[in-house]
Amino acid sequence: MYDIVIIGGGPAGLTAGLYAGRAKLKTLIVEQLVAGGQAATTDLIENYPGVPEGSTGPDITERMEEQAKKFGCEFIMAEVTGVDFSGKEKVIKTTNGEFKAKAVIIASGATHRKLGCPGETEFTGRGVSYCATCDAAFYEDLPVAVVGGGDSAISAAIYLTKFASKVYVIHRRDALRATKVVQEKAFANPKIEIVWDSIVDEVKGSETVEALRIKNVKTGQFSDLPVNGVFMYVGLEPNTKFLNGHIKLDAKGYVPVTSNMETDVPGVFAAGDVTVKLLRQVVTAVGDGATAAVAAEKYIEDNF
Ligand code: NAP
């Protein structure tokens, strides 16, 4: 049996693993893909304190993984399919076996939400993408679009200009949500054109994406925008389906936590993007992860 099983190996989970390892607790991180989470698909992170020159997401998260391993944290690649939190010993069911733990930290993060327009599912992998850093290179000298006006969308648009001939940002209102410094970079980039007050009505094409049918929400007019790729960045959705009623979630599926990262089930903690919070960034995720690990350590001391 493990002292702590951490579900998810993004910045929150990796930091929890580092702190649990340093507390000499037998700790396992269960990660579905490679460690690093969403941050590992971020091209440039320039708001992490102490790194004024900025760094790539993979660089920061690989170093976090190395640090967690250095202090004895174990890793397994598996998808968590279910949990049983009914007993004192918690059970985590995965595609790579079942694990028992005295305490659990849920750090399963969030993934990019689907837009839900016609053609989106049909052309996923054939022009519709949710990861600019993964797929940008396919669009060398081709026009692409990004949907959304938040930090993810605008950061992706800036990254895409390294490859694409033109990057249209399609945003449903007349002001961006992204951080001001990110907005300024986008406005200054000659390859980026913002299509204001507009939504994507349909993704069109034959074998691959050829155009977007756009609706201007102010005038009600439709038009076709020829692009070879479209990157959807219309917000996040928490990865909590596997919890299947075992802990309390809010209406959107995020995990409410106390300031000590406790959920409503004793011995089960949550950290990072999966929790109810104002700011979903690496800098807040690592703080959550550290707090969750120390709270879990205290819970184990008091209860086992
Ligand atoms: P977000 O901040 O929720 O932004 C989602 C964007 O999509 C908004 O502009 C929203 O429009 C738009 N949108 C939502 N539903 C839509 C729909 N049905 N049709 C058209 N547009 C729609 O999500 P995010 O950009 O993924 O960011 C999530 C969190 O991660 C934030 O806390 C963000 O700060 C953080 N993040 C930070 C960084 C960074 O600091 N480098 C990078 C990435 C993400 P409205 O503006 O009109 O609501």
Side-chain angles (χ1 to χ4, degrees), residues 10-12 36-61 107-121 128-134 136 145-160 167-187 192 194-203 212-218 225 230-239 250 252-254 271-288:
Q38 258 197 72
T41 65
T42 303
D43 167 48
L44 178 65
I45 296 180
E46 53 181 10
N47 57 359
Y48 194 71
V51 193
E53 69 282 11
S55 181
T56 69
D59 183 49
I60 286 189
T61 55
S108 47
T111 43
H112 292 293
R113 193 192 293 147
K114 294 208 163 190
L115 181 61
C117 70
E120 180 182 22
T121 306
V128 172
S129 171
Y130 301 84
C131 178
T133 53
C134 315
V146 172
V147 186
D151 279 321
S152 299
I154 306 308
S155 303
I158 294 165
Y159 181 71
L160 281 159
V167 181
Y168 297 99
V169 173
I170 298 159
H171 185 40
R172 64 181 176 184
R173 57 192 175 97
D174 60 1
L176 298 178
R177 179 178 293 280
T179 313
K180 291 287 181 290
V181 68
V182 178
Q183 291 193 26
E184 280 170 12
K185 273 193 191 175
F187 293 148
I192 294 179
I194 306 194
V195 183
W196 300 105
D197 300 313
S198 297
I199 57 170
V200 175
D201 186 58
E202 186 184 351
V203 180
L212 300 177
R213 189 163 165 76
I214 308 285
K215 180 183 178 186
N216 183 303
V217 292
K218 285 205 170 141
L225 182 69
V230 55
F231 292 80
M232 305 294 190
Y233 284 103
V234 291
L236 302 174
E237 194 163 83
N239 297 321
D250 78 352
K252 291 180 179 167
Y254 288 95
D273 281 6
V274 77
T275 65
V276 176
K277 65 194 312 197
L278 174 66
L279 185 62
R280 293 193 169 84
Q281 297 196 349
V282 177
V283 71
T284 57
V286 299
D288 288 358

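Numbering of ligands and ligand atoms starts at 1, following listing order.
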Heavy-atom distances under 4.0 Å decide this one: backbone, side chain, both or neither, for Asn47 against ligand 1? side chain

CG-CD1 distance between Leu176 and Ile154, expressed to the nearest 0.5 angstrom: 4.5 Å

Would you say Leu115 touches ligand 1, if touching means a heavy atom closer than 4.0 Å? yes

Checking Asp151 against Ser155: is there a side-chain donor and acceptor pair closer than 3.5 Å? no

What is the closest protein heavy atom to atom 23 (O) of ligand 1, and at what distance does it sit? Gly235 CA, 3.5 Å

Considering non-hydrogen atoms of the protein only, which is the closest contact for atom 35 (C) of ligand 1, and what is the distance? Arg280 O, 3.1 Å

Verdict with supporting geometry, Val203 and Met232, side-chain contact (heavy atoms from CB on, under 4.5 Å): CA-CA 11 Å; Val203 180; Met232 305 294 190; 4.2 Å; yes

Protein heavy atom at shortest distance from atom 26 (O) of ligand 1: Ser152 OG, 2.6 Å

Using every non-hydrogen atom in the two residues, find where Glu46 and Leu44 come nearest and quote the distance to one decimal. OE1-CD2, 3.7 Å

Only heavy atoms of Gly148, strictly under 4.0 Å: list the atoms of ligand 1 that pass. 7 (O)

Got a salt bridge between Lys277 and Asp288, using NZ or NE/NH1/NH2 to carboxylate O under 4.0 Å? yes

Do the side chains of Lys215 and Asp201 get close enough for a salt bridge, i.e. N-O under 4.0 angstrom? no

Measure the acute angle between the ring planes of His112 and Tyr233, then classify it against the limits of 30° and 60° as parallel, tilted or perpendicular. perpendicular

Give the contacting part of Arg113 toward ligand 1: side chain, backbone, both or neither, where contact means a heavy-atom distance below 4.0 Å. side chain

Between atom CZ of Phe231 and atom OH of Tyr168, what is the distance when rounded to the nearest 0.5 Å? 15.0 Å

Atom 7 (O) of ligand 1: the protein heavy-atom neighbour that sits closest, reported with distance to 0.1 Å: Val234 CA, 3.2 Å

Any N or O of Arg173 closer than 3.5 Å to N or O of ligand 1: yes

Looking only at non-hydrogen atoms, the one of Asp174, Asp151, Val282 nearest atom 36 (N) of ligand 1 is Asp151

Report yes or no: does His171 have a heavy atom closer than 4.0 Å to ligand 1? yes

Does Gly149, backbone or side chain, put an N or O under 3.5 Å from an N or O of ligand 1? yes

Closest approach of Gln281 and Asp273, non-hydrogen atoms and distance? N-OD1, 4.1 Å

Within the distance-only criterion (no hydrogens, no angle test), does the side chain of Arg113 pair as donor or acceptor with the backbone N or O of Gly235 below 3.5 angstrom? no

of all protein heavy atoms, closest to atom 48 (O) of ligand 1 is Arg177 NH2, 2.6 Å

Which atoms of ligand 1 have any heavy atom of Tyr233 under 4.0 Å away? 6 (C), 7 (O)

Proximity flag Gln38 to ligand 1, non-hydrogen atoms under 4.0 Å: no

Would Asn239 and Val274 count as a side-chain contact (heavy atoms from CB on, under 4.5 Å) here? Give the steps. CA-CA 7 Å; Asn239 297 321; Val274 77; 5.5 Å; no

What part of Leu236, side chain, backbone, both or neither, has a heavy atom within less than 4.0 angstrom of ligand 1? side chain

Starting from atom 16 (C) of ligand 1, locate the nearest protein heavy atom and write down its residue, its atom name and how far away it is, to 0.1 Å. Arg172 NH1, 3.3 Å

Do ligand 1 and Gln281 have nitrogen or oxygen atoms that lie under 3.5 Å from each other? yes

